[in-house]
Amino acid sequence: KRHKFWETQPVGQFKDFGDRSLPEGPIEAPTPLSEVKQEPYNLPSQYEWITCDMDSEEMCNEVYNLLTSNYVEDDENMFRFNYSKEFLQWALRPPGYFRSWHIGVRAKSSKKMVAFITGVPARIRVRETIVNMAEINFLCVHKKLRSKRLAPVMIKEVTRRVHLENSWQAAYTAGVVIPTPITTCQYWHRSLNPKKLIDVGFSRLGARMTMSRTIKLYKLPDQTATPGFRKMEPHDVPAVTRLLRNYLRQFVLSPDFDENDVEHWLLPKENVVDSFLVESPETHEITDFCSFYTLPSSILGSQNYTALKAAYSYYNVSTKTPLTQLMNDALIVAKRKDFDVFNALDVMHNETFLKELKFGPGDGKLHYYLYNYRIRRVLRPSELGLVLL
Ligand SMILES: COc1cccc(CC(=N)NC(=O)c2cccnc2OC2CCNCC2)c1
């Protein structure tokens, strides 16, 4: 299939697939900053660029409203991601973030926001190399402006602004295949509220299964099982950073988190991110960690419900507690917090617990991409230690 835009970009091309003579690393060298295009790309005349200050309540509302009505839907258009305002402020303001990487497009006449794309800085390790990357996310074009070829100019503009901050690589995910995935993940769902999931069409009643049998199948205890399992607190940041850094070393690609990053990304934040750890009752050592983020979806066609409360597995570390037991405790606390479903990708060691904990496979795939960085070969999901929001 022809990729008019992506064939012009420094990304692995399908034709280079498996060409082992090509070295791993940047595809293009950095441009001298003086040679980076200084002015924004041209938009169609009726539109203008805006830089979105996520500290501004009003701007945050505009971003939230655009995404709520126009962002990613599932393949059957039954659900649409409904990132909350506090989630967006968290996701877009990590340590070292650049406001200039939060880019909107406004229609000059209506003053309405019609498109959005973002980048946040992230130190990502690829094998032994640490790369300062931009994590690109929230690319959204209003439903009424689709196939006007706005996405390519949005991508070129965020790339230009990332270049201006002397950053030359990026990481992003998509449900579609474009040149060229570094890995393709399967997503899995664990029902927590099967009655609601079946009612809204997210799940179907299994063959030869009654509703009461299904409710019993997914029932979870009220209490977690692991001694010393508790919510992460600010004083745990140094220990969790050590635990996570050591654990992530085993993957080909992972974030290079320091304490500032852990404080931002992993300290519990109501309705945004939950994190727990196991503190050995004997030694008080922190031996395990699990976390999930809150990403509700709007339910597009149900009379009884408008929102699906979904938890997404984030970073998990098991050194003493079996991962399956740790994740079962995560399911128990997610159920207690009234989540309807717990989602996970088959990244890291997740496939070791998915079937045993009664996850079912989702109907889609999530592809991971690197911009301007070639890797030797396609990775297995279990070699990937990076979870994007
Ligand atoms: C249930 O509501 C949905 C609303 C929109 C899309 C999808 C299907 C889908 N595309 N799911 C995922 O991409 C997904 C499934 C499991 C774990 N993480 C995921 O995506 C994350 C990471 C990438 N950015 C979106 C959130 C489901």
Side-chain angles (χ1 to χ4, degrees), residues 64-84 87-88 137-144 146 173-177 184-220 271-272 274 292-314 327-328 330-347 350-351 353-367 387-389:
Y64 172 77
N65 292 333
L66 173 75
L67 294 177
T68 295
S69 304
N70 300 281
Y71 200 46
V72 176
E73 297 172 7
D74 70 306
D75 289 350
E76 292 168 59
N77 304 104
M78 296 170 67
F79 307 100
R80 186 183 306 130
F81 287 138
N82 187 218
Y83 288 88
S84 70
F87 189 106
L88 292 167
N137 207 342
F138 304 113
L139 169 57
C140 178
V141 173
H142 195 287
K143 282 171 177 275
K144 292 197 176 103
R146 298 283 163 89
T173 60
V176 291
V177 178
T184 293
C185 302
Q186 166 75 49
Y187 38 85
W188 294 73
H189 314 292
R190 206 287 185 183
S191 295
L192 300 175
N193 182 352
K195 188 171 179 314
K196 175 175 175 182
L197 295 181
I198 290 166
D199 185 293
V200 303
F202 181 88
S203 313
R204 281 184 298 281
L205 204 50
R208 293 187 301 285
M209 288 285 280
T210 61
M211 182 58 82
S212 66
R213 172 96 179 73
T214 302
I215 290 167
K216 197 176 300 176
L217 174 68
Y218 291 112
K219 190 146 180 53
L220 289 161
N271 282 330
V272 171
D274 287 276
F292 52 85
Y293 62 83
T294 299
L295 169 50
S297 278
S298 305
I299 303 173
L300 304 179
S302 159
Q303 283 79 8
N304 308 333
Y305 299 97
T306 56
L308 185 71
K309 190 172 178 188
Y312 286 71
S313 179
Y314 200 26
M327 293 310 293
N328 199 60
L331 293 176
I332 289 166
V333 288
K335 171 67 180 170
R336 224 167 38 206
K337 287 168 170 276
D338 210 25
F339 283 94
D340 299 320
V341 63
F342 191 101
N343 296 320
L345 296 168
D346 56 356
V347 297
N350 289 356
E351 49 30 75
F353 63 74
L354 292 168
K355 290 195 177 76
E356 185 171 348
L357 294 185
K358 300 172 186 156
F359 283 75
D363 57 7
K365 307 265 183 187
L366 191 68
H367 309 278
V387 177
L388 297 186
L389 302 172

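The model shown is predicted, which means the values in this text are computed figures rather than measured ones. All values below were derived from every heavy atom in this structure, side-chain atoms included, with hydrogens, water molecules and symmetry-related copies excluded. Sequence positions, counted from 1, serve as the residue numbers for this chain.
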Is the closest side-chain heavy-atom distance between [X] and [Y] below 4.5 Å?
X    : Y    : result
L295 : N343 : no
I299 : M78  : no
N350 : F359 : no
L197 : V341 : yes
L192 : D338 : no
M327 : F342 : yes

Point-to-point distance, once rounded to the nearest 0.5 Å, from [atom1] of [X] to [atom2] of [Y]:
X    : Y    : atom1 : atom2 : value
C185 : E351 : SG    : CD    : 11.0 Å
M211 : K216 : CE    : NZ    : 14.0 Å
Y187 : L345 : OH    : CG    : 9.0 Å
S302 : D199 : OG    : CG    : 5.5 Å
K365 : D346 : NZ    : CG    : 7.5 Å
L389 : N137 : CG    : CG    : 6.5 Å

Would you name the heavy atoms of [X] and [Y] that are closest together and state the gap between them?
X    : Y    : value
D363 : E76  : OD2-OE2, 3.4 Å
S84  : N271 : OG-O, 4.3 Å
Y218 : K358 : CE2-O, 3.7 Å
R146 : N70  : NH2-O, 2.8 Å
I215 : P194 : CA-CG, 3.9 Å
H367 : V176 : CD2-O, 3.4 Å

Hey, are S297 and N82 close enough side-chain-wise for a donor-acceptor pair under 3.5 Å?
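No pair is found: no donor N or O on one side chain lies under 3.5 Å from an acceptor on the other.
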Evaluate the salt bridge (Lys or Arg N to Asp or Glu O under 4.0 Å) criterion for residues K309 and D340: first the C-alpha distance (whole Å), next the side-chain angles of each, then the deciding distance (0.1 Å), finally the verdict.
CA-CA 5 Å; K309 190 172 178 188; D340 299 320; over 6 Å; no
For F79 and F202, I'd like to know if the aromatic rings sit close, meaning centre-to-centre distance below 6.0 Å.
yes
Begin from the C-alpha positions of L331 and L357 and carry the test side-chain contact (heavy atoms from CB on, under 4.5 Å) through to its verdict.
CA-CA 9 Å; L331 293 176; L357 294 185; 4.1 Å; yes
Could you please spell out the steps behind the side-chain contact (heavy atoms from CB on, under 4.5 Å) verdict for L88 and L67?
CA-CA 10 Å; L88 292 167; L67 294 177; 3.8 Å; yes
Side chain of [X], backbone of [Y]: donor and acceptor closer than 3.5 Å?
X    : Y    : value
Q186 : G362 : yes
S298 : L300 : no
R80  : T68  : yes

Would you indicate whether K355, at its atom NZ, is surrounded by more than 12 heavy atoms from other residues, nucleotides or ligands within a distance under 6.0 Å?
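No.
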T294 and F339: CA distance, side-chain angles, deciding distance, side-chain contact (heavy atoms from CB on, under 4.5 Å) verdict:
CA-CA 9 Å; T294 299; F339 283 94; 3.3 Å; yes
What class does the angle between the rings of F81 and Y71 fall in, given that below 30° is parallel, 30 to 60° is tilted and above 60° is perpendicular?
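F81 and Y71: tilted rings.
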For the residue pair Y293 and Y312, does the interplanar ring angle fall in the parallel (under 30°), tilted (30 to 60°) or perpendicular (over 60°) class?
parallel
